[in-house]
2 protein chains.
Amino acid sequence: MPEDDPLAHYPGYLLRRASASALGVLGRRLGALGLRYVEASLLMVIGARPGLTQSEIGRMLEIQRANMVPIVARLEARGLLSRARTDGRSQGLHLSAAGEDLRQAALGEIERFETELTARLPEGLRGGAVDMLAALWAAAAGMD
Amino acid sequence: MPEDDPLAHYPGYLLRRASASALGVLGRRLGALGLRYVEASLLMVIGARPGLTQSEIGRMLEIQRANMVPIVARLEARGLLSRARTDGRSQGLHLSAAGEDLRQAALGEIERFETELTARLPEGLRGGAVDMLAALWAAAAGMD
DNA sequence: TATTGTTATACTCTATAACTATA
DNA sequence: TATAGTTATAGAGTATAACAATA
């Protein structure tokens with residue numbers, strides 16, 4: 001955006017600024033539902049694939065086991081999810097009715113956000129954003 | 001990337017994952033130079049536009065005044081930059097010789113990173129990444 | 001009154017090491 | 001030996017409120 005910003009031609013920088021800007025907006029909207037971004041992500045994943053353990057979800061979202069603990073505990077304390085032992089050490093996560101309601105509300109916000117973001121892109125770029133971002137993710141992940 | 005990730009079609013999510021992945025790689029490379037990402041950004045900006053104050057740089061990079069203080073102090077303590085009063089309350093920032101050397105080393109890493117990231121994109125997407133990211137940034141910033 | 005630099009503080013996210021109990 | 005969940009802790013990044021000096 002600002003043409004006097006000497007970093008504006010670097011994709012890493014642009015990725016960071018675009019991400020911070022987008023997540024800021026979405027985070028504030030989810031905050032109105034009482035959810036942080038990461039909490040909404042968990043509701044989405046558990047809703048789509050009930051029974052996953054928190055370790056499995058952590059691997060999927062690249063959140064470490066230790067850092068999953070307070071996130072899941074917070075959602076459980078609010079009665080949004082329940083744990084079902086599948087194993088002496090594993091517990092599958094499932095949404096409660098309240099969790100499912102909140103998941104749908106969050107999904108509505110996320111889809112409204114996606115629609116609005118896409119609508120604000122120049123016409124020629126609208127169709128390709130998701131593919132480009134997926135490709136950038138794959139490219140960066142491959143550099144590890 | 002993972003087709004069993006139910007969030008993989010949302011640009012906000014992809015932006016976050018791509019950004020985290022890319023910045024992780026670049027951050028580790030800059031770390032080998034003894035720099036954090038935000039410190040390297042400051043070296044770039046001051047190198048390109050010497051004399052800017054830390055408040056001005058903060059506005060450019062969306063870092064708040066209060067949070068600029070320890071960043072600038074750290075770079076100054078390492079002898080990478082100096083402050084020149086321009087005003088009773090303002091101080092323009094300039095790179096020292098060591099700061100300029102480190103800036104060039106960091107720039108080399110950043111450009112190597114950019115080249116490698118771009119090379120890892122599918123051919124058809126290589127040319128459009130920067131424009132797409134700039135458009136996404138502008139779109140998200142406009143939603144504030 | 002507004003701005004610069006600053007201090008203090010708190011919250012979120014992320015990272016590591018270690019423990020326990022199960023497999 | 002490896003894994004799931006957990007605890008504790010430290011490092012970053014980010015946010016707000018307030019103050020002194022200056023414009």
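Labels below follow one simple rule: chain letters A, B, ... track the order of the sequence lines, proteins then strands, and each chain is numbered from 1. Keep in mind the model is a prediction, meaning the values are calculated, not measured.
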L75(A) vs L93(A), side-chain contact (heavy atoms from CB on, under 4.5 Å): CA-CA, chis, key distance, verdict: CA-CA 11 Å; L75(A) 294 174; L93(A) 301 182; over 6 Å; no

Derivation and outcome, salt bridge (charged side-chain N to carboxylate O under 4.0 Å, His left out), residues E56(A) and R59(A): CA-CA 5 Å; E56(A) 289 167 335; R59(A) 278 191 290 271; 5.0 Å; no

E109(A)/L35(A) under side-chain contact (heavy atoms from CB on, under 4.5 Å): CA gap, chis, key distance, verdict: CA-CA 11 Å; E109(A) 281 301 330; L35(A) 286 173; over 6 Å; no

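Put simply, chain A comes within 4.0 Å of DNA chain C, heavy atom to any atom, from dT12(C) to dA23(C), going 5' to 3'.
Scanning residues 82-96 of chain B for heavy-atom distances under 4.0 Å to DNA chain C yields R83(B), R89(B), S90(B), Q91(B).
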Heavy-atom protein contacts under 4.0 Å, nucleotides 9-17 of chain D, coded B base, S sugar-phosphate only, - none: ---SSBBBB

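Using a 4.5 Å cut-off on side-chain heavy atoms (C-beta onward), T118(A) and V130(A) make no contact.
Note: CZ (R65(B)) to P (dA21(D)) measures 16 Å, nearest angstrom. M68(A) has its CE atom 9 Å from the P atom of dG5(D), to the nearest Å.
Atom CZ of R103(A) and atom CG of L81(A) lie 13.5 Å apart (nearest 0.5 Å).
Heavy-atom neighbours of E62(A) CD from other residues, nucleotides or ligands within 6.0 Å: at or below the threshold of 12.
Between the side chain of S41(B) and the main chain of Y37(B), a donor-acceptor pair closer than 3.5 Å is present. When atom types are taken as modelled, the side chain of R126(B) and the backbone of L121(B) share a donor-acceptor pair closer than 3.5 angstrom.
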